[in-house]
Engineer: 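Take a look at this one; I'll ask things after.
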Amino acid sequence: LLKQLGGQATLAEMATVTVLRCPNPEAFHALVTSPKFKPYILGELSPDLLVVDAKGLEAFRLELAWAGFSLTKGLSVKRRK
């Protein structure tokens with residue numbers, strides 16, 4: 001279907017990543033601008049999603065708890081119907 005639409009192959013990227021979702025805009029901004037958290041954050045996916053370095057995950061969890069974040073066991077996502 002995609003080949004028919006554009007006549008060329010469509011590039012896509014895929015990777016196994018660790019994602020942190022923070023729906024509170026003020027807290028999200030604090031995370032991404034804090035020098036304390038910078039070593040753990042690899043990038044932003046959207047205004048509430050961060051890609052986190054899995055190598056330092058346990059240390060990052062401890063830093064988040066110290067800063068007052070409460071982490072859930074999983075990530076809730078919406079699925080298209």
Side-chain angles (χ1 to χ4, degrees):
L1 179 64
L2 289 176
K3 280 187 176 183
Q4 294 170 350
L5 293 175
Q8 296 180 339
T10 301
L11 295 177
E13 297 178 337
M14 182 182 293
T16 301
V17 298
T18 301
V19 175
L20 172 71
R21 179 173 177 264
C22 181
N24 179 306
E26 293 82 17
F28 184 87
H29 180 74
L31 279 173
V32 298
T33 58
S34 169
K36 185 175 193 75
F37 296 121
K38 187 175 183 176
Y40 305 107
I41 298 171
L42 299 176
E44 296 178 45
L45 291 174
S46 71
D48 66 345
L49 294 174
L50 296 173
V51 179
V52 177
D53 188 352
K55 293 176 194 162
L57 193 56
E58 204 48 49
F60 188 41
R61 286 179 193 269
L62 292 172
E63 295 284 1
L64 288 169
W66 173 85
F69 286 87
S70 177
L71 297 175
T72 62
K73 297 265 185 209
L75 180 69
S76 59
V77 295
K78 294 180 184 178
R79 293 186 179 259
R80 283 192 170 210
K81 294 181 181 185

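In this text the structure is predicted, and so the values were computed from the model without any measurement. No hydrogens, no waters, no symmetry mates; every other heavy atom, side chains included, goes into these values.
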Engineer: Taking distance alone, no hydrogens or angles, what donor-acceptor pairs closer than 3.5 Å link side-chain atoms of residues 70-81 to residues at least two apart or in another chain?
Structural biologist:
| residue | atom | partner | partner atom | Å |
| --- | --- | --- | --- | --- |
| Thr72 | OG1 | Gly74 | O | 2.6 |

Engineer: Let me have the donor-acceptor pairs involving side chains of residues 27-41, under 3.5 Å, with sequence neighbours excluded, atom names and distances please.
Structural biologist:
| residue | atom | partner | partner atom | Å |
| --- | --- | --- | --- | --- |
| Thr33 | OG1 | His29 | O | 2.7 |
| Ser34 | OG | Lys36 | N | 3.1 |
| Lys36 | NZ | Glu63 | OE1 | 3.2 |

Engineer: Give every donor-acceptor pair under 3.5 Å between a side-chain atom in residues 49-62 and any protein atom, sequence neighbours left out.
Structural biologist:
| residue | atom | partner | partner atom | Å |
| --- | --- | --- | --- | --- |
| Asp53 | OD1 | Lys55 | N | 3.0 |

